[in-house]
J.: 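One structure, pasted below without further comment.
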Amino acid sequence: MQYSIMGMNYRSKLPVIIDSIVNSCSDKGCFEHIDSAVIPSKDSIVEIIDLFKDVLFPGYFGDQTIEKNNLIYHIGSEITELFEKLSKQVTNSILHECRRKEEDCVECIDKGQEETIILLKKIPQIRALLATDIVNAYNGDPAAKSYDEIIFSYPGIFALMVYRVAHELHEQGIKILPRIMTEYAHSVVGIDIHPGAKIGKGFFIDHGTGVVIGETSLIGDNVRIYQGVTLGSLSFPRDEKGQILRDLKRHPTIEDDVVIYSNSTILGGDTVIGARSIIGGNVWLTRSVPADTKVLIEEPKLVFKKSSS
Amino acid sequence: MQYSIMGMNYRSKLPVIIDSIVNSCSDKGCFEHIDSAVIPSKDSIVEIIDLFKDVLFPGYFGDQTIEKNNLIYHIGSEITELFEKLSKQVTNSILHECRRKEEDCVECIDKGQEETIILLKKIPQIRALLATDIVNAYNGDPAAKSYDEIIFSYPGIFALMVYRVAHELHEQGIKILPRIMTEYAHSVVGIDIHPGAKIGKGFFIDHGTGVVIGETSLIGDNVRIYQGVTLGSLSFPRDEKGQILRDLKRHPTIEDDVVIYSNSTILGGDTVIGARSIIGGNVWLTRSVPADTKVLIEEPKLVFKKSSS
Amino acid sequence: MQYSIMGMNYRSKLPVIIDSIVNSCSDKGCFEHIDSAVIPSKDSIVEIIDLFKDVLFPGYFGDQTIEKNNLIYHIGSEITELFEKLSKQVTNSILHECRRKEEDCVECIDKGQEETIILLKKIPQIRALLATDIVNAYNGDPAAKSYDEIIFSYPGIFALMVYRVAHELHEQGIKILPRIMTEYAHSVVGIDIHPGAKIGKGFFIDHGTGVVIGETSLIGDNVRIYQGVTLGSLSFPRDEKGQILRDLKRHPTIEDDVVIYSNSTILGGDTVIGARSIIGGNVWLTRSVPADTKVLIEEPKLVFKKSSS
């Protein structure tokens with residue numbers, strides 16, 4: 001470093017810096033959310049996911065021991081808290097979308113509460129779905145010693161729990177909130193499931209780091225996938241102006257009872273993997289496969305030689 | 001959205017929802033932990049791992065500057081806290097296992113404290129092992145500028161620290177607790193090491209995201225692996241009733257001084273990679289390799305063409 | 001378990017354990033930071049990254065609604081806090097390096113404040129760069145429905161934000177601090193970008209889990225990469241004593257407008273991917289590619305067979 005401004009009070013330089021940051025912000029060379037409607041709060045969404053965890057798996061994650069006698073109070077207080085926090089974030093998400101589309105938003109708060117109630121009513125069915133996921137994890141993994149171990153420690157179950165809640169919100173037409181939820185799960189466990197994907201019961205993701213399941217994927221029942229599997233898109237059709245078309249089916253269909261081993265990539269909206277097929281590891285597939293098929297990569301020739309050193 | 005229930009007090013709908021959640025929980029279409037023995041607490045386990053970090057690498061992670069003079073007080077207070085927290089979780093883990101096996105549990109609390117003492121006695125040897133890991137990380141990575149940088153920032157060292165502690169608990173016969181520990185590390189750094197794996201000294205995992213090391217893997221000394229490497233199982237033998245056999249060796253053996261480059265997959269309980277062998281990147285191996293061998297994928301033909309657009 | 005020490009007060013065993021830990025620490029079979037200069041604090045670095053997030057994307061992440069009127073107070077208070085926290089950590093990082101090199105450190109605190117001011121002055125240009133990244137993410141991803149969704153939830157944007165700040169510190173000659181910053185981002189989103197890499201504007205990383213961008217990578221403008229892409233080194237040249245040479249260019253050069261699809265690996269300091277080239281998925285490249293080239297793996301033969309079971 002060539003310059004020497006020793007002895008200066010560096011703090012005295014802050015006002016100029018602050019001004020330049022404030023001013024640079026108005027020249028549109030940056031993104032800001034100033035004078036805007038409130039937007040969903042990431043911190044609050046993390047709390048909401050923790051509450052869903054407690055409600056979907058009572059007694060597993062809290063500090064208290066849950067007994068039959070106090071269960072209703074426990075669930076009651078958590079659902080009430082969930083309603084307050086979630087309806088606020090759902091409302092913020094709706095407000096955000098209204099503003100983006102420059103629509104009027106007369107009943108957004110009401111709508112936020114309504115959609116939250118619709119979601120909370122689905123909790124028993126979400127729990128039933130997650131139970132099928134857990135049973136299939138146990139049946140598909142010799143390392144699993146108990147159901148509890150799976151609920152406590154399997155990253156795939158956490159990712160699925162968040163996805164199954166976020167998917168319902170997505171189906172209800174809520175936009176940005178479910179994406180923030182699944183990307184939070186992605187950051188926690190490395191499994192990236194878009195809330196728009198449709199996934200049947202008994203889904204098991206083992207290990208899971210690096211899994212990507214794209215927005216328009218369609219997955220049947222009792223499917224099992226391993227770490228590093230991508231269900232992705234092949235190319236992006238564009239309209240005559242060169243803008244990406246954002247609403248086409250771009251991701252594959254995986255039928256019932258399919259197994260896809262680690263690091264395989266399956267691409268394209270027209271690609272269908274037929275029921276009961278087994279896709280081996282490291283396969284790169286961009287075309288359909290009929291039912292009851294095994295697809296293996298032809299073992300690549302390996303070069304064996306004595307190490308020189 | 002077609003329905004309109006505006007102006008309603010949505011909160012009034014909560015009691016019905018709460019009832020349906022409480023009732024759905026008793027029909028076994030879900031997993032719950034009601035009227036059960038206490039179970040390990042994930043939050044407490046995170047605190048325990050932080051305490052181990054402080055004790056295994058004194059002076060690196062706390063706020064205080066540690067000096068020779070105050071070291072004994074510092075270690076003393078942390079080990080005492082570790083004993084209290086860990087013995088509680090070890091006990092919970094033992095209680096959980098007793099209950100699962102429907103065994104009597106006369107001395108579980110005593111046993112929890114005993115096993116904790118056994119683990120704490122091993123801290124000096126765990127530290128010595130981790131020191132060999134750090135030295136090999138430095139020797140194997142030109143991007144590493146100092147040992148401190150490795151301890152502070154290398155994800156592989158964090159994963160190994162948690163694994164080396166969890167492995168000792170696993171060897172002592174503690175079940176669910178070590179799994180929660182290593183899955184926590186997995187969620188933090190994307191490296192999934194089962195506490196049952198046996199790993200020699202001087203192990204180095206570079207970058208690490210996506211690494212999977214299965215339960216019955218056996219790894220010698222001074223092995224180096226890169227991101228995306230899987231040591232996995234080839235298939236799951238089942239008993240005559242179709243139940244998975246959960247106790248066989250299903251994962252490979254890696255002998256001393258082997259290097260395995262990124263995204264390679266090595267599968268099978270009978271697969272042995274001989275000492276000093278080098279496995280190149282993207283290799284898919286399901287058979288053994290003698291000592292001093294280089295295994296490279298025959299470079300797949302690449303198609304080069306002028307881009308059309 | 002064969003031993004029985006039931007009924008004992010296990011706590012009475014702690015002093016001996018504590019002694020053995022304290023003593024084992026002095027025999028150099030472990031790493032410690034005792035009687036050392038203060039070192040950067042990871043917790044504080046996480047707070048610093050949160051502050052940068054607020055300042056770089058005002059109004060997105062805080063609890064408060066930011067308005068034009070209060071923007072200057074908001075930015076003002078955050079920059080002041082950032083200065084206090086960051087200058088302390090920059091100073092610690094400089095002290096750490098001085099000690100490592102056994103140099104005198106007369107003006108370290110002054111220098112820490114000076115370097116912090118230099119960094120804070122660059123905030124407007126870092127924001128402008130990040131804006132180009134966000135625009136390219138939107139243009140390159142049909143799943144992205146709005147810029148806000150990208151800022152809120154895209155892991156690649158978070159990784160780039162941390163990298164772009166850390167890279168400036170790295171260019172200013174600060175050593176360990178930027179590494180801790182990018183490894184924190186790595187642990188959050190699974191994207192490992194070394195602060196030494198040089199990356200042009202409009203960079204988009206989709207999904208991102210498993211991405212590794214090595215220390216001496218050189219990336220042009222408007223480059224797009226997908227999950228699992230590695231820009232790595234091919235081998236480590238060593239000096240005559242067998243010590244790794246740590247300062248050579250070991251990682252590839254990627255020219256403007258290149259796209260690299262998922263799980264491809266590009267290695268070597270002399271490897272140059274020419275402008276506008278497209279590298280397909282799963283490609284393993286260790287040699288240069290001219291401009292305007294498509295490189296695809298020749299589709300490996302797949303074996304299709306009827307499943308037996």
Side-chain angles (χ1 to χ4, degrees), chain B residues 55 57-61 63 65-68 71-72 75-76 79-80 83 87 107 110 113-114 116-117 120-121 123-124 127-128 130-131 134 139 142-143 145-149 151-155 173 188-190 207 209-210 227-228 262-263 281-282 297 299-307, chain C residues 1 5-7 10-11 13-14 17-18 20-22 24-25 29-36 38-42 96 100 175-176 179-180 183 186-187 190 192 194 209-210 212 214-215 228 230 232-233 236 244-246 250 263 265 276-278 283-284 289 292-298 300:
Chain B
V55 170
F57 301 113
Y60 275 94
F61 295 98
D63 286 331
T65 307
I66 313 287
E67 293 164 25
K68 273 251 161 348
L71 180 63
I72 188 145
I75 297 279
I79 289 292
T80 307
F83 175 79
S87 60
E107 298 155 5
D110 217 54
Q113 297 199 349
E114 183 188 340
T116 300
I117 291 290
L120 295 180
K121 279 185 182 164
I123 285 177
R127 289 168 85 187
L130 285 168
I134 292 161
N139 291 337
K145 303 299 186 265
S146 68
Y147 292 127
D148 288 353
E149 180 185 333
I151 294 168
F152 259 120
S153 69
Y154 273 40
V188 174
V189 292
H207 306 297
T209 307
Q227 68 270 21
S262 58
N263 299 315
N282 278 25
I297 205 175
E299 206 173 296
K301 267 206 204 98
L302 296 177
V303 182
F304 292 78
K305 50 180 175 178
K306 277 283 161 202
S307 298
Chain C
M1 287 291 167
I5 40 173
M6 274 185 48
Y10 294 102
R11 278 172 198 78
K13 294 178 162 290
L14 292 178
I17 291 174
I18 291 163
S20 90
I21 293 171
V22 170
S24 76
C25 204
C30 73
F31 285 92
E32 32 82 342
H33 229 284
I34 295 162
D35 284 334
S36 292
V38 281
I39 43 180
S41 151
K42 238 177 159 167
H96 178 267
R100 196 174 72 82
K175 299 288 175 191
I176 199 167
R179 281 291 287 140
I180 298 175
E183 280 297 348
H186 183 194
S187 83
D192 181 356
H194 195 289
T209 306
V212 174
E215 183 181 13
T230 292
S233 65
F236 310 149
I244 286 180
L245 292 168
R246 290 178 195 267
R250 305 180 308 277
N263 298 316
T265 302
R276 296 169 303 281
S277 286
I278 296 170
V283 167
W284 177 267
V289 164
D292 297 298
T293 309
K294 265 189 191 166
V295 182
L296 301 168
I297 203 173
E298 192 178 71

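Order of the sequence lines sets the chain letters (A, B, ...), proteins ahead of strands, with each chain counted from 1. The structure displayed is predicted, hence computed values, not measured ones.
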J.: Side chain, backbone, both or neither: which part of B:Glu149 has a non-hydrogen atom closer than 4.5 Å to chain C?
T.: both
J.: I'd like to check B:Ile79 versus C:Leu14 (side-chain heavy atoms, cut-off strictly below 4.5 Å). Are they in contact?
T.: yes
J.: What part of B:Ile151 gets within 4.5 angstrom of chain C, counting heavy atoms only: side chain, backbone, both, or neither?
T.: side chain
J.: If you round to the nearest 0.5 Å, how far is CZ of C:Arg11 from CD of B:Gln113?
T.: 5.0 Å
J.: Taking B:Gly210, B:Ser153, B:Ser87 one by one, which has the highest count of heavy-atom pairs under 4.5 Å against chain C?
T.: B:Ser153
J.: Which bit of C:Ile180 comes within less than 4.5 Å of chain B, counting heavy atoms only: side chain, backbone, both or neither?
T.: both
J.: Where on C:Leu296 is there a heavy atom nearer than 4.5 Å to chain B: the side chain, the backbone, both, or neither?
T.: both
J.: Got a second to check how far C:Ile21's CD1 is from B:Leu71's CG, nearest 0.5 Å?
T.: 10.0 Å
J.: Quick check for you: among B:Asn263, B:Ile75, B:Val189, B:Asp148, which has the greatest number of heavy-atom pairs under 4.5 Å with chain C?
T.: B:Asp148
J.: About how many Å separate NZ of C:Lys175 and OG of B:Ser146, when rounded to the nearest 0.5 Å?
T.: 10.5 Å
J.: With only heavy atoms counted, which part of C:Val295 is less than 4.5 Å from chain B, the side chain, the backbone, both or neither?
T.: both
J.: Using non-hydrogen atoms and a 4.5 Å limit, figure out which bit of B:Tyr60 sits close to chain C: side chain, backbone, both or neither.
T.: both
J.: How far does CZ of C:Arg179 sit from OH of B:Tyr154, to the nearest 0.5 angstrom?
T.: 5.0 Å
J.: Mind ranking B:Val55, B:Thr116, B:Ile123 by heavy-atom pairs under 4.5 Å with chain C and telling me who comes out on top?
T.: B:Ile123
J.: Where the side chain of C:Lys42 meets the backbone of B:Phe152, is there a donor-acceptor pair that is under 3.5 Å apart?
T.: yes
J.: Would you name the heavy atoms of C:Trp284 and B:Gly281 that are closest together and state the gap between them?
T.: CH2-CA, 3.2 Å
